[in-house]
Amino acid sequence: QVQLVESGGGLVQAGGSLRLSCTASGRTFSSYAFAWFRQAPGKEREFVAAISRSGGSTYYADSVKGRFTITIDNAKNTVYLQMNSLKPEDTAVYYCAARRSVVVSSNRMVYDYWGQGTQVTVSS
């Protein structure tokens, strides 16, 4: 059983920064890819960023490119999302996801495991 636990959410002013963490446990993850998605009230869950297990492949949504950075620490089985220059429209619940493939994807339907989510609120 794979478990993903997110942390690091909170309230921040526009222009500020937050770093989200997602720690994976339950099995070895040598052939997995990881991603962050977010869901605002009344909206569908949308892709934010993805990374391969090696860290050599990353992919970002256009809305966060240049502001967010996804990284992975294999020794800690932890994926991070550094969020800078935050905007009120970044307000959402952020979810970590993992899929049994080395290929990164923006399609939420291909991810096999999900965390419980962490709230990020950006005030104007």
Side-chain angles (χ1 to χ4, degrees):
Q1 184 73 14
V2 173
Q3 289 188 323
L4 303 174
V5 179
E6 303 101 332
S7 61
L11 173 65
V12 64
Q13 288 188 333
S17 298
L18 280 175
R19 189 178 78 158
L20 305 183
S21 300
C22 170
T23 300
S25 63
R27 63 184 305 131
T28 58
F29 299 97
S30 59
S31 299
Y32 278 62
F34 298 88
W36 288 96
F37 288 79
R38 66 187 181 186
Q39 188 166 18
K43 295 187 177 181
E44 290 191 353
R45 193 168 298 189
E46 65 173 6
F47 170 75
V48 176
I51 191 166
S52 59
R53 172 70 177 180
S54 68
S57 179
T58 58
Y59 183 37
Y60 295 92
D62 288 342
S63 60
V64 306
K65 204 172 293 182
R67 299 189 298 123
F68 291 10
T69 303
I70 188 170
T71 56
I72 187 166
D73 184 335
N74 289 316
K76 297 181 178 179
N77 277 346
T78 299
V79 179
Y80 301 98
L81 185 68
Q82 178 65 45
M83 305 186 294
N84 298 329
S85 301
L86 282 161
K87 305 174 181 180
E89 51 263 45
D90 294 318
T91 295
V93 177
Y94 283 70
Y95 296 90
C96 178
R99 67 178 302 217
R100 294 184 298 266
S101 171
V102 299
V103 178
V104 298
S105 174
S106 62
N107 182 358
R108 67 177 187 268
M109 301 303 292
V110 306
Y111 285 86
D112 303 294
Y113 304 100
W114 293 85
Q116 82 289 350
T118 185
Q119 176 71 46
V120 171
T121 303
V122 184
S123 63
S124 57

Original post:
With respect to Phe47, which candidate in Tyr60, Tyr95, Phe37 satisfies the ring-ring contact (aromatic ring centres under 6.0 Å, His included) definition?
Top reply: Phe37
Original post:
When rounded to the nearest 0.5 angstrom, what is the spacing between SG in Cys96 and CD in Gln116?
Top reply: 9.5 Å
Original post:
So with a 6.0 Å cut-off around CD of Gln3, is the heavy-atom count from everything else above 12?
Top reply: no
Subject >> Pair Thr91, Thr121: side-chain N/O donor-acceptor within cut-off below 3.5 Å >> reply: no
Subject >> Over 12 non-hydrogen atoms of neighbours within 6.0 angstrom of OH in Tyr113 >> reply: yes
Original post:
If you look at every heavy atom in Ala92 and Ala40, which pair is closest and at what distance?
Top reply: CB-N, 3.8 Å
**OP:** Kindly compute the distance separating CZ (Phe68) from OG (Ser85), expressed to the nearest 0.5 Å.
**Re:** 9.0 Å
Subject >> Rounded distance [0.5 Å steps], CG in Leu81 versus OG1 in Thr69 >> reply: 8.0 Å
Original post:
Does the pair Lys65 and Asp62 meet the rule for a salt bridge (charged side-chain N to carboxylate O under 4.0 Å, His left out), with working shown?
Top reply: CA-CA 5 Å; Lys65 204 172 293 182; Asp62 288 342; 3.1 Å; yes
Original post:
Under the 3.5 angstrom rule, does the side chain of Glu6 hit a backbone N or O of Gly117 as a donor-acceptor pair?
Top reply: yes
Original post:
Honestly curious: do Leu86 and Ile70 fall in one hydrophobic cluster under the side-chain, below-4.5 Å linking rule?
Top reply: yes
Subject >> Any donor-acceptor N or O pair under 3.5 Å, side chains Tyr94, Arg38 >> reply: yes
**OP:** Rounded to the nearest 0.5 Å, what's the gap from CD on Glu44 to CZ on Arg108? Could you check?
**Re:** 5.0 Å
Original post:
When you measure from the side chain of Ser52 to the backbone N and O of Ser57, does any donor-acceptor pair fall under 3.5 Å?
Top reply: yes
Subject >> Smallest separation among heavy atoms of Asn84 and Gln82, with atom names >> reply: OD1-NE2, 2.9 Å
Subject >> Same apolar cluster (I L V M F W Y, side chains within < 4.5 Å links), Val12/Leu20 >> reply: yes
Subject >> Hphob cluster co-occupancy, Tyr32 + Val110, side-chain heavy atoms under 4.5 angstrom >> reply: no
Original post:
Do Ile72 and Tyr111 belong to the same hydrophobic cluster, where Ile, Leu, Val, Met, Phe, Trp and Tyr are linked whenever their side-chain heavy atoms lie under 4.5 Å apart, directly or via other members?
Top reply: no
**OP:** Find out if a path of hydrophobic residues (ILVMFWY) with successive side-chain heavy-atom gaps under 4.5 Å connects Ile51 to Val2.
**Re:** yes
**OP:** Take Trp36 and Met83 through the side chain to side chain contact (heavy atoms under 4.5 Å, CB included) test and state the conclusion after the steps.
**Re:** CA-CA 12 Å; Trp36 288 96; Met83 305 186 294; over 6 Å; no
**OP:** Drop me the distance from Lys87's NZ to Ser124's OG, to the nearest 0.5 angstrom.
**Re:** 14.0 Å
Original post:
If you round to the nearest 0.5 Å, how far is CZ of Arg53 from CG of Asn77?
Top reply: 5.0 Å
Original post:
Do other residues, nucleotides or ligands put more than 12 heavy atoms under 6.0 Å from Lys76 NZ?
Top reply: no
